[in-house]
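One structure is given here, and the rest of the page talks about it.
The analysis underlying the following values was restricted to heavy atoms, covering all of them including side chains, and did not include hydrogens, waters or symmetry mates.
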Amino acid sequence: MLAAARSRLDRVDPAGARALQEQGALIVDIRPADYRAAEGEIPGSVPIERIHLEWRLDPAGSHRLPEARAERPVVVVCNEGYASSLAAAYLQRLGVRATDLDGGFRAWAAAGLPTRDGPTPAVP
């Protein structure tokens, strides 16, 4: 299932995710609050618990976030890049321009990219 999901993604490394963010992509952190509290968060990311992801990012959904637009790329982040691959592939099926961060938040932090303390409250 993971291999099939990843075959549809153009996964990005931490530098690529940072570049996409600087170009306007939405970084979505699906990690639980406990992980974000322990390890931190990516500045400018939006925490959305995995259970709420599809209905908050579906471009045609009535409960979508205002920043979730069909033309705006989304980079999904989890701890190490496994759950995010599955989530991003599913978002693509909804018409979202989604990919994920290869290696997850831990790869971002290991690359020395900026982090902030967490947890920011997740979007309900």
Q: Please check if V75 and V123 belong to a single hydrophobic cluster, counting links between Ile, Leu, Val, Met, Phe, Trp and Tyr side chain heavy atoms closer than 4.5 Å.
A: no

**Q.** Backbone N/O of G104 and side chain of E80: donor-acceptor pair under 3.5 Å
**A.** no

Q.
Using side-chain heavy atoms (C-beta onward) and a distance below 4.5 Å, is W108 in contact with V77?
A. no

Q. With side chains defined as the heavy atoms from C-beta onward, is the minimum distance between Q21 and P43 less than 4.5 Å?
A. no

Q: Would you mind reporting whether F105 and T115 have side-chain heavy atoms less than 4.5 Å apart?
A: yes

Q: Using modelled atom types only, decide if a donor and an acceptor are shared between the side chain of R116 and the backbone of E41 within a distance under 3.5 Å.
A: no

Q) Which distance, rounded to the nearest 0.5 Å, do you find between the CD1 of I48 and the CG of L26? A) 6.5 Å

(Q) Using side-chain heavy atoms (C-beta onward) and a distance below 4.5 Å, is L9 in contact with S85? (A) yes

Q) How close do P73 and E71 get, heavy atom to heavy atom, and via which atoms? A) CD-O, 3.4 Å

Q. Can you hop from I30 to I51 via hydrophobic side chains spaced under 4.5 Å?
A. no

Q: Indicate whether the side chain of D10 and that of T99 have a donor and an acceptor atom separated by less than 3.5 Å.
A: no

Q. Looking at CG of D100 and CD1 of I27, how far apart are the two atoms once the value is rounded to the nearest 0.5 Å?
A. 11.0 Å

**Q.** Spatial distance of atom CG (L86) from atom CG (L53) [nearest 0.5 Å]
**A.** 11.5 Å

Q | In one Ile/Leu/Val/Met/Phe/Trp/Tyr side-chain cluster, 4.5 Å: L65, L91 | A | yes

Q: Output yes when E49 and R56 qualify as a salt bridge under the 4.0 Å nitrogen-oxygen rule, no when they do not.
A: no

**Q.** Close side-chain approach of L94 to L57, heavy-atom, < 4.5 Å
**A.** no

Q. So, for W55 and H52, which heavy atoms are closest and what is the spacing to 0.1 Å?
A. NE1-CA, 3.3 Å

Q. R11 side chain to G81 main-chain N or O, any donor-acceptor pair under 3.5 Å?
A. yes

Q: Output the distance between atom OG (S84) and atom CG (D29), rounded to the nearest 0.5 Å.
A: 10.0 Å

(Q) Ignoring hydrogens, what is the shortest heavy-atom contact between P119 and A33? Give both atom names and the distance. (A) CB-O, 3.7 Å

Q. Between E67 and R72, is there a side-chain N and carboxylate O pair less than 4.0 Å apart?
A. no

Q: Check whether any side-chain heavy atom of E39 lies under 4.5 Å from a side-chain heavy atom of N79, and answer yes or no.
A: yes

**Q.** Rounded distance [0.5 Å steps], CZ in R97 versus CD in Q92
**A.** 10.5 Å

Q) What's the spacing between D13 CG and R18 CZ if we round to 0.5 Å? A) 13.0 Å

Q. At their closest point, which heavy atom of A89 faces which heavy atom of A5, and how far apart are they?
A. CB-CB, 3.6 Å

Q: Flag yes if V28 and I42 sit in one hydrophobic cluster, no otherwise; membership is Ile, Leu, Val, Met, Phe, Trp, Tyr, and two members link when side-chain heavy atoms are under 4.5 Å apart.
A: no

